[in-house]
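Each remark here refers to the structure printed beneath this line.
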2 protein chains.
Amino acid sequence: MFEARLGSTTLLKKIVDALKEILSQSTLDCSASGIQLQAMDNSHVSLVAMSLSRECFERYRCDRNVSLGLDLKSLMKVLKCASGDDAVTISAADKADKLQLRFESAGNERTADYELRLLNLEQDHLAIPETDYACIVHMPSTEFARICRDLATFSESVVIACSKDGIKFSASGELGSANITLSETSKGDVSLQVEEPVTLCFAGRYLNSFTRATSLADKVKIGLAADVPLLVEYPIEDHGYIRYYLAPKVDDPD
Amino acid sequence: MFEARLGSTTLLKKIVDALKEILSQSTLDCSASGIQLQAMDNSHVSLVAMSLSRECFERYRCDRNVSLGLDLKSLMKVLKCASGDDAVTISAADKADKLQLRFESAGNERTADYELRLLNLEQDHLAIPETDYACIVHMPSTEFARICRDLATFSESVVIACSKDGIKFSASGELGSANITLSETSKGDVSLQVEEPVTLCFAGRYLNSFTRATSLADKVKIGLAADVPLLVEYPIEDHGYIRYYLAPKVDDPD
DNA sequence: TCAGCATCAG
DNA sequence: CTGATGCTGA
């Protein structure tokens with residue numbers, strides 16, 4: 001038996017929304033410690049890892065490990081049947097082929113039960129090595145989203161250069177070019193930890209897809225190191241996160 | 001001479017909006033007692049009946065019975081030319097081929113006159129037998145609309161099961177299934193009168209089209225009986241109503 | 001013809 | 001931030 005209850009569906013909607021474009025189907029791995037997900041995106045270029053530890057939930061019970069294969073678009077459709085302030089309980093019997101979702105309205109006048117068919121998905125379990133990033137940047141998540149959106153106008157590729165002086169995002173193409181530099185401000189909304197300066201180039205469309213998670217967190221953490229995938233991490237309420245990984249382009253700034 | 005005046009066009013807009021999708025053209029039957037409408041929907045599956053008794057109007061005069069054949073989409077276009085708080089007077093001479101509409105602004109600074117061409121429509125006059133429903137449910141109209149919308153995600157068919165314990169709406173399909181149960185709550189926003197429990201299956205798309213009337217009334221009345229069309233009734237300001245009727249599906253819960 | 005997207009108003 | 005509407009692509 002697996003059962004987990006959240007006080008509001010809004011958080012779950014945001015999480016699924018942050019995943020569903022990049023991952024049409026995926027497996028949730030539920031264990032006593034919480035819920036994990038890890039997968040390559042649909043085009044097998046970037047990688048997503050999500051973790052919600054049991055502390056994220058109002059109630060959490062997982063008698064034995066279960067893997068729940070879900071179609072995330074379908075899950076989103078079901079979540080749309082709930083109001084944002086409904087409490088949601090997801091549950092599955094052992095070896096179930098259905099996920100149960102129960103929505104309870106704030107005043108408890110209304111209960112709606114949904115079942116979502118589970119899928120048997122191939123598990124591509126990827127070990128993500130802990131990386132010692134040469135640069136770690138924290139910045140407002142909306143700012144990161146804004147930059148990714150703006151740079152997409154100029155080029156498919158985005159160059160990120162980070163040093164002690166700041167982090168610079170650049171794109172250039174037919175239209176012209178763009179350079180956005182952020183340095184550590186007194187307000188402390190940008191922070192840099194730089195062991196060694198790094199300059200890397202990434203495909204902007206993936207960066208943009210990562211920003212679907214913007215509403216989950218005020219701050220985003222970016223980790224950079226030479227020849228290692230970029231890390232873009234959005235914390236989820238103290239006890240969880242979504243991490244996106246994207247390998248740098250070998251060359252070819254267009 | 002026929003003439004009827006409403007203090008605000010908003011009500012009339014809501015009524016036409018509740019009819020125009022389901023009934024592209026229809027005949028208003030005007031008599032001394034008020035205005036009636038009764039017709040099959042465009043696809044001849046469901047049936048709509050509207051009644052506005054003369055008490056609904058600020059002023060009402062109908063010297064002799066007239067039938068006004070209207071294109072409801074065109075009528076809606078004309079109504080969009082009025083502000084919601086304009087007073088509206090509709091009138092027609094005997095044997096007229098035009099409907100007159102006059103909009104007067106609240107302060108009377110502005111008067112606008114419109115004429116709408118009338119149509120000669122075939123009258124399919126259907127007697128609707130008074131039915132003694134086995135179950136009558138009153139519930140918030142927004143809640144009903146919400147349920148119909150949510151269930152449409154899962155299946156074309158909606159099963160409604162009503163007993164003394166509550167009314168249950170269910171749909172199931174490829175994605176999964178949904179069950180929403182309402183029972184009489186302490187707040188009294190759901191009430192059930194059950195002579196005999198009933199379970200019936202309906203085509204969800206028609207239920208959804210009925211909910212275009214949601215803004216007319218806070219509460220909707222649902223009448224159910226075996227082998228008899230479902231009744232969905234929205235009261236209109238104490239002296240009128242829109243009733244929708246839909247025959248149950250014979251079988252085939254998909 | 002319908003579903004999804006995007007935009008807009010409350 | 002949510003619901004509603006209009007558009008566009010499948």
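Chain letters run A, B, ... following the sequence lines, proteins first, then strands; residues in each count from 1. These figures come from a predicted structure and were not determined experimentally.
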Check your understanding: Of R146(B) and K80(B), whose nearest nucleotide on DNA chain D comes first from the 5' end?
Key -> R146(B)

Exercise for review: For R149(B) and dT5(D), give me the distance from atom CZ to atom P, rounded to whole Å.
Suggested key: 12 Å

Practice item. In whole angstrom, give the distance that lies between atom CG of L11(A) and atom C1' of dC1(D). Key: 15 Å

Exercise for review: Answer yes or no: is there a donor N or O on one side and an acceptor on the other, between the side chain of R5(A) and the main chain of Y60(A), under 3.5 Å?
Suggested key: no

Could you pull out every donor-acceptor pair under 3.5 Å between side chains of residues 201-210 of chain A and any protein atom, sequence neighbours left out?
| from | atom 1 | to | atom 2 | distance (Å) |
| --- | --- | --- | --- | --- |
| Y206(A) | OH | S43(A) | OG | 3.0 |
| N208(A) | ND2 | C148(A) | O | 3.1 |
| S209(A) | OG | Y206(A) | O | 2.7 |

Please report, to 0.1 Å, the donor-acceptor pairs under 3.5 Å made by any side chain of residues 73-90 of chain A, with sequence neighbours excluded.
| from | atom 1 | to | atom 2 | distance (Å) |
| --- | --- | --- | --- | --- |
| S74(A) | OG | D71(A) | OD1 | 3.1 |
| S83(A) | OG | R146(B) | NH1 | 3.3 |
| D86(A) | OD2 | S83(A) | N | 3.1 |

Check your understanding: Is the number of heavy atoms from other residues, nucleotides or ligands under 6.0 Å of D113(B) CG greater than 12?
Key -> yes

Review point. Between dA4(D) atom P and N208(B) atom CG, what is the distance in whole Å?
Key: 12 Å

Check your understanding: Which part of the nucleic acid, if any, lies within reach of K77(A) when heavy atoms closer than 4.0 Å are counted: base, sugar-phosphate only, or nothing?
Key -> sugar-phosphate

**Study point:** Interatomic distance, K73(B) NZ vs dG6(D) P [rounded to whole Å]
**Key:** 12 Å

Study note, to complete from the structure: Looking only at heavy atoms, the pair that brings V48(B) and I242(B) closest together is CG1-CG2, 4.0 Å

Exercise for review: Specify the separation, in whole Å, of atom NZ of K13(A) and atom P of dG3(D).
Suggested key: 7 Å

Point to revise | For atom CG of D17(B) and atom P of dG6(D), their distance in whole Å | key: 10 Å

Check your understanding: Which whole-number value in Å describes the distance from K14(B) NZ to dA4(D) P?
Key -> 13 Å

Review point. For DNA chain C, what is the dot-bracket line, given that a base pair needs Watson-Crick (N1 to N3, plus N6-O4 or O6-N4) or G-U wobble (N1-O2 and O6-N3) geometry with both distances under 3.5 Å, and | means paired with another strand?
Key: ||||||||||

Practice item. State whether the number of non-hydrogen atoms from other residues, nucleotides or ligands found under 6.0 Å of K168(B) atom NZ is greater than 12. Key: no

